[in-house]
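See structure below.
Heavy atoms only: backbone and side chains are in, while hydrogens, waters and symmetry mates are out. Letters A, B, ... are given to chains in the order of the sequence lines, protein chains preceding strands, and every chain is numbered from 1.
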Amino acid sequence: MKDTDIKKLLYAHLLCIFSIILSVLIPPLFLENFSILETHLTWLCICSGVVTAVNLVLYLVVKPNTSSKRSSLSHKVTRVLKCCIYFLMSCFIFHVIFVLYGAPLIELVLETFLFAVILSTFTTVPCLCLLGPRLKAWLRVFSRNGVTSIWENSLQITTISSLVGAWLGAFPIPLDWERPWQVWPISCTLGATFGYVAGLLISPLWIYWNRKQLSYKNN
Amino acid sequence: MQKISVLLFLTWVCFLFYAGIALFTSGFLLTRLELTNHSTCQEPPGPGSPPWGSQEEPRACWMASRFSRVVLVLIDALRFDFAQPQRSHVPGEPLVSLPFLGKLGTLQRILETQPHHARLYRSQVDPPTTTMQRLKALTTGSLPTFIDAGSNFASHAIMEDNLIKQLTSAGKRVVFMGDDTWKDLFPGAFSQAFFFPSFNVRDLHTVDNGILEHLYPTMDGGEWDVLIAHFLGVDHCGHKHGPHHPEMAKKLSQMDQVIQGLVDRVENDTLLVVAGDHGMTMNGDHGGDSELEEPEVIPQVSLVPTLALLLGLPIPFGNIGEVMAELFSGGENSQPHSSALAQATALHLNAQQVSRFLHTYSAAAQDLKDKELHQLQNLFSKASADYQWLLQSPQQAEATQQTVIAELQQFLRGARTMCIESWARFSLVRMVGGAAILAAACFLCLLASQWATSPGFPFCPLLLIPVAGGLGGAVVYVGLVATIGLRLDLVLLGAVAAMCSLLTFLWKARAAWGSRKPLATLLPLPGSVRLFLLIRLAAFFSDSFVVADARATPFLLDSFILLLVAQLHWEGQLLSPKLLTVPRLGSSSSTGLPRYSGAYALRLGVGLLLCTRLAGLFHRCPEETPACHSSPWLSPLASMVDGRAKNLWYGACVVALLALLAAVRLWLHRYGNLKSPEPPMLFVRWGLPLMALGTAAYWALASGADEIPPRLRALVAGASVVLPRAVAGLAVSGLMLLLWKPVTVLVKAGTGAPRTRTVLTPFSGPPTTQADLDYVVPQIYRHMQEEFRGRLERTKSQGPLTVAAYQLGSVYSAAMVTALTLLAFPLLLLHAERISLVFLLLFLQSFLLLHLLAAGIPITTLGPFTVPWQAVSAWALMATQTFYSTGHQPVFPAIHWHAAFVGFPDGHGSSTWLPALLVGANTFASHLLFAVGCPLLLLWPFLCESQGLQKRQQPPGNEAEARIRPEEQEQPLMEMRLRDAPHHFNAALLQLGLKYLFVLGVQILACALAASILRRHLMVWKVFAPKFIFEALGFIVSSVGLLQGITLVMRVDGAVSSWFKQLVLAQQR
């Protein structure tokens, strides 16, 4: 039971990583002058879209949470709308946090906002897929002893590693290396992406190694 | 007794740090060796006699003089673009109109009409760019070293060979007028001198008008050979108004008239030199080494050999400048061949002199690198040989001449580069020793802070034995020095004493404690603190991060705050336990109280982030980042041109002041201490508004000083002297009152109404646990308490005589907050007006942080009390962040010198300690405030106890009511819990002090290590050394402030004890 679950998790995560790699490799075939650093904003949009799509597909295919009792159309529509609102809200909240952290307020608004979008994609979208638009469930997952399945456990790990990656991404900005990727917010978006990928890789392995100690209340 | 030993222990730890800092500094900041050799006429710098010897021309020395007289006009802070001819880049485009552009039209006219008689150069200045250093460089041609930067306002006579000395020994009459710095540098060197005071940077006209009064009469009188005029108005205008002020245009136009007047008067044999000594940043402060001012052209020191040779004087012995060869090419009709020969001759003399200097210097000191020296020597021999060959066969092709010139220039430049690179001689032994003492002291802090709260911490022996060890070491050292006959070095003495006492302490600690427990359990820094400290320390090793520290610190602080909030959430302290234990709960039952408190911590965090960001708006850029723009709000209001904006800002500043005042009063009112009839509270009620009024009035006068009618001028001048002093005096008297009577409680003795169930709040619930049986002191105290309580019960039963004392629960923090406010007002006055907003933010920020930290600390009823590491490091981080957001940077040009004139608009005369004190108080205001306020970290969780209680018992909207009738509820003990366990209280204060010293000490250790490891780094004098000096001074200020804060708490504690005694006596009667 557990091992098959972990395997499923691993394949799902590998698919996510693959989609990110594709978002780097595929666009040059269609777009001229595409490169991650120079047309960074385009890449951000593409990457965000691809990761969201893959997450949605995975959610629909794997269905880790099948507890939804009411499944009327209106319920589904409100649920989707709620998800959209939550996503937008998280983008704005991230944006505000970046500005509070010292990002420029007026200049580079689009860049900052797209950074917020990509970080939301890495953190909020999986949360929305897995937990639905319920803030309490989120708060529960992100507290000690709050996880109830390996999916939630991996969600915890990927989200935290994305945030830490974005945070670490800010460190090279003051250095005087004069590299193109040191420009705000490229290093941070790259950091978030690397963090997300690392989280995707680490979480199945970590769960596999700790499978003996892990015990979920629902299982 | 225990209190005193706590204080002495902390003092001793501070002494260890000071000794380490002093030892390190003595090894790190050494001056360049100053040679006292002099060049003389009779002794040419090298073999190969010059083509025109002294026999042919009697007045010539190394070279024939081309000018017999010189007028040197120094315009302080004359930036290149002030003098630059103004041409628009695109022909059709109109000229850019800025107050400082194109005002020196005379220079431009001369350059256009007489191109062969005028030259314009852009000179590059070496750091440090203070006026004295520049004058030293401009006369000796050498590189004044870093350590001299501190002696700018107490300058000493130049001992090295210099132009003025050469001029006087050649019998020239040197007349000087202007900046009186020259008086100290060249005492008695001038045949006639008119000195004017230079220190008052607010005074634009005294020096300049004084010069103008004497300049033309002296010139026309003819009693001079060299005339030096040093104008200060432009520099002072920059300091006061900044370059973009209309006043600057007026000043520059005045300078233009001066130059025009001089040009009309000079004769053919006279050289007129107009130079600036350093540049000016966009803020109007000194600069010189940033990109904005002097893109590379010629080094400033080149003026020295050039002037010397043009005047037919020997080049000063220690000069490392290179002659401006172009000026030796002869007149407009000289032949190219002979002009090139003349250039080569001048360069060769210059090279010989530099080579002789290098030779002498390397014989006297070892700091120049042998390999490079050897290479330079080879270069010089080759160039010299080529030059001799050129002399012997004069009809060489022009190309050969050019090669010789190029070779000579290459040598001179190489020599100069080598000198710049290696002119700091470090004593590695002292540096390593200093760093070792610092590291050991940090380790000691860590060890002792862990040990202090454990039962049975031996206060007295732990203090006495190391001190005895230190004294013993010192005596042995003195004896040793005396027997050998060396000079006693105080720094070394301190270091030896510190080392000995450290060793004895560690030995003692090992004997008493270390054997029982493994070391690892003694070093329990939590993971998050370790991570943040590591990041912060690692940042000191990168020049980019040191430069960007002003942005990195708020970033770290924000991250730390968010991490604290996240940790609180993670530990489940913010959410209702129901939500956590029962997953997937329905949404209906979630509107409970814990959700409210969870949002409360989050709100605190977001508020902190917002405050940090807002404070970051008052950011001053370091010079190294040209793309960064300093906040325009850092300049004083007086420099604003727009009257309306000025008034608005003034209003905002006054509002900030009033808000600060109101916040403090509201806080005191909230805890009830404001009602107390004690003198400090009376002072808070009446004295503080008076101080605010004085501050506001002073700001009004200072910002509108230029607009007042002339007849009121004397009055305003008097007021701007009196007001700041009055505010400072009020603050001091308030602090004295606080020290005299620190207990601010309201005692109500009277009829025992049935409502007042709680008689004497601290005694409402005596703990009866067995744990405190080990302690004698609390037992006695408790016994007394029980007895007292019994007696009270008796009196109550007998009659209605009761005593109710309020606000005992916040008696410590009320004194702390009052003291901090009293300190903040004079410090505020030393800053520019708009910084008052930052001070408001500072108080708000620390208030929020204290609340946030208190949310994570459970209240311990009976000791041991501890302050978590998170709290201490967040506090220290915030102190650093406030240092930056009050417009400071750890570099010397960014020091707010104008603080020295607050209350002393006419300068200080000859005293230097008072201005130093004022400027220091301005610079380290945040260090001081946060260090003094450090004990609040211990007190605040106890304060929040009452808040939590009230919140839980009253709906949030009803707080006013709750405040009105607090006596109906059972009163929380709050800070009286600390009093109930005096031993633990003292231990906690000691631990707090040690933890704070550790966090600061680790930073200074990292700075010292960075400075020593990167001592050959390009940026060491620009970035690492200033950072180290600022950190060291900040550490000293912080440690002194910390001791003061802890002393204040102890004083309050003592006063509360005696107050209790009095109460008991009164009851007995």
Inter-chain contacts: residues 875-888 of chain B against chain A, heavy atoms under 4.5 Å | none
Output the residues of residues 162-174 of chain A for which the shortest heavy-atom distance to chain B is under 4.5 Å, in residue-number order; output 'none' if no such residue exists.
-> Trp167(A), Ala170(A), Phe171(A), Pro174(A)
Is Arg211(A) paired with Asp5(A) through a side-chain N to carboxylate O contact shorter than 4.0 Å?
-> no
Using a 4.5 Å cut-off on heavy atoms from C-beta on, say whether the side chain of Ser161(A) contacts that of Ile202(A).
-> no
Are more than 12 heavy atoms from other residues, nucleotides or ligands located less than 6.0 Å from atom CZ of Phe113(A)?
-> yes
Would you sort out whether Cys127(A) and Phe142(A) count as a side-chain contact (heavy atoms from CB on, under 4.5 Å), showing the intermediate values?
-> CA-CA 11 Å; Cys127(A) 285; Phe142(A) 293 101; 4.0 Å; yes
Pick whichever of Ile97(A), Val96(A), Leu100(A) has the most heavy-atom pairs under 4.5 Å with chain B.
-> Leu100(A)
Measure Leu614(B) against the heavy atoms of chain A and call it side chain, backbone, both or neither at under 4.5 Å.
-> neither
Step by step, would you call Phe115(A) with Phe98(A) a ring pair (Phe, Tyr, Trp, His ring centres under 6.0 Å)?
-> CA-CA 9 Å; Phe115(A) 174 34; Phe98(A) 297 156; 4.2 Å; yes
Is Arg603(B) close to His851(B) at the side-chain level, that is, under 4.5 Å between some pair of heavy atoms?
-> no
Is there a donor in the side chain of Thr112(A) and an acceptor in the side chain of Trp184(A), or the other way round, less than 3.5 Å apart?
-> yes
Side-chain donor-acceptor pair under 3.5 Å between Ser154(A) and Ser203(A), yes or no?
-> no
His40(A) versus Thr189(A), side-chain donor and acceptor atoms under 3.5 Å | yes
Does the ring pair (Phe, Tyr, Trp, His ring centres under 6.0 Å) test come out yes or no for Phe532(B) and Trp869(B), once each step is laid out?
-> CA-CA 11 Å; Phe532(B) 274 88; Trp869(B) 281 102; over 10 Å; no
Charged N-O contact under 4.0 Å between Asp549(B) and Lys1027(B) = yes
Structural part of Ser542(B) lying under 4.5 Å from a heavy atom of chain A = side chain
Among Thr612(B), Leu609(B), Leu610(B), which has the most heavy-atom pairs under 4.5 Å with chain A?
-> Leu609(B)
For Leu557(B), is it the side chain, the backbone, both, or neither that has a heavy atom closer than 4.5 Å to a heavy atom of chain A?
-> neither
Checking Val99(A) against chain B: side chain, backbone, both or neither under 4.5 Å from a heavy atom?
-> both
Just wondering, do Gln889(B) and Phe1030(B) contact through their side chains at under 4.5 Å, heavy atoms?
-> no
